[in-house]
Amino acid sequence: MARRKQIYEGKAKILFEGPEPGTLVQYFKDDATAFNNKKHGTITGKGVLNNRISEYLMTRLNEIGVPTHFIRRLNMREQLVRAVEIIPIEVVIRNVAAGSLSTKFAIPEGTQLPRSIVEYYFKNDELNDPMVSEEHITAFGWASVQELDEILSLSLRINDYLSGLFLGVQLRLVDFKLEFGRFYHEDEDVQIVLADEISPDNCRLWDVTSGDKLDKDRFRRDLGGVAEAYQEVARRLGILPEGGPRDIPGPRTMQ
């Protein structure tokens, strides 16, 4: 196991110092949380699957010109990413009524929305990630008007692409969460890039025919078969690791 300096540990991932300046190693854990960290559990092999799924989707997005922090996958649980300054906003794109949208507005789950809805949430677990408006974001200096315009444009483009990609493997992209960061180029140019991950952890994915949930809602709602659902998403995308997800030791943290 490599010894690396730990930079940050979140609910589902650990960031370590990368091998080159301006890079980080992103390690995917099997830990699962829900309801703003109030529910905890472990999904065996989730980190391996999310690493592969996120690698696949980030690579596809890079190919169509969407800038991301992803560089390459290193092994079963780790990927090399660019170091970025995370913007403290979660962007949620909703195509179908589900989750909190159904609860708050009494819209039956599964209702197709007349158009995609984009919501913003302030990243703060202690405050339960409150929903915020564009005015909050710009007034409090979390992002400039120009940055927010770029984030919205990228989010809608990502939604269009991923909706079609998942539909091609008989999955309905109900809603999903994105995070963005500022990447500082050597010439001091600042670029907004997609960060974090895209996986069944932060996407609602339903089977087109049966409506079966193939995402973290199976954990949130105690539906069972969580690991199998993640494996099914990877299988449909053609990236299930040979022999199924396998565990590998994580890097040891430097003291």
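When reading the values below, keep in mind they use all heavy atoms of this one structure, side chains included, and skip hydrogens, waters and symmetry mates. Because the structure is predicted, anything quoted here is derived from the model rather than measured.
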Does Arg72 make a cation-pi contact with Phe70 (under 6.0 Å, within 45 degrees of the axis)?
-> no
Are any of the side-chain nitrogens in Arg220 or Asp217 under 4.0 Å away from the carboxylate oxygens of its partner?
-> yes
Could you name each residue pair satisfying ring pair (Phe, Tyr, Trp, His ring centres under 6.0 Å) that touches residues 161-184, not counting sequence neighbours?
-> Phe183-His185
Under a 4.0 Å N-O cut-off, is there an ion pair linking Asp175 with Arg204?
-> yes
Atom CD1 in Ile89, atom OH in Tyr120: separation rounded to 0.5 Å?
-> 9.0 Å
Are Lys213 and Glu109 close enough for a salt bridge, meaning some N to O gap below 4.0 Å?
-> yes
Euclidean distance, Ser210 OG relative to Asp212 CG, rounded to 0.5 Å | 3.0 Å
Student check: side-chain heavy atoms of Gln26 and Leu24 closer than 4.5 Å | no
Quick one: does Arg73's side chain have a donor or acceptor within less than 3.5 Å of a partner on Arg52's backbone?
-> no
Test: Lys29 and Glu9 ion pair at under 4.0 Å | yes
Gln112-Arg172 side chain donor-acceptor pair, cut-off 3.5 Å | yes
N/O donor-acceptor pair under 3.5 Å between Asp30 side chain and Gly47 backbone | yes
Donor-acceptor contact present, side-chain Ser153 to main-chain Asp149, <3.5 Å | no
Between the main-chain N or O of Asp160 and the side-chain N or O of Ser163, is there a donor-acceptor pair closer than 3.5 Å?
-> no
Minimum side-chain heavy-atom gap Glu179-Ile86 below 4.5 Å = yes
Look at Lys177 together with Asp201 and state whether they make a salt bridge at an N to O cut-off of under 4.0 Å.
-> no
Any side-chain heavy-atom pair of Val25 and Pro19 under 4.5 Å | yes
Could you tell me whether the side chain of Asn50 and the main chain of Ser199 form a donor-acceptor pair under 3.5 Å?
-> no
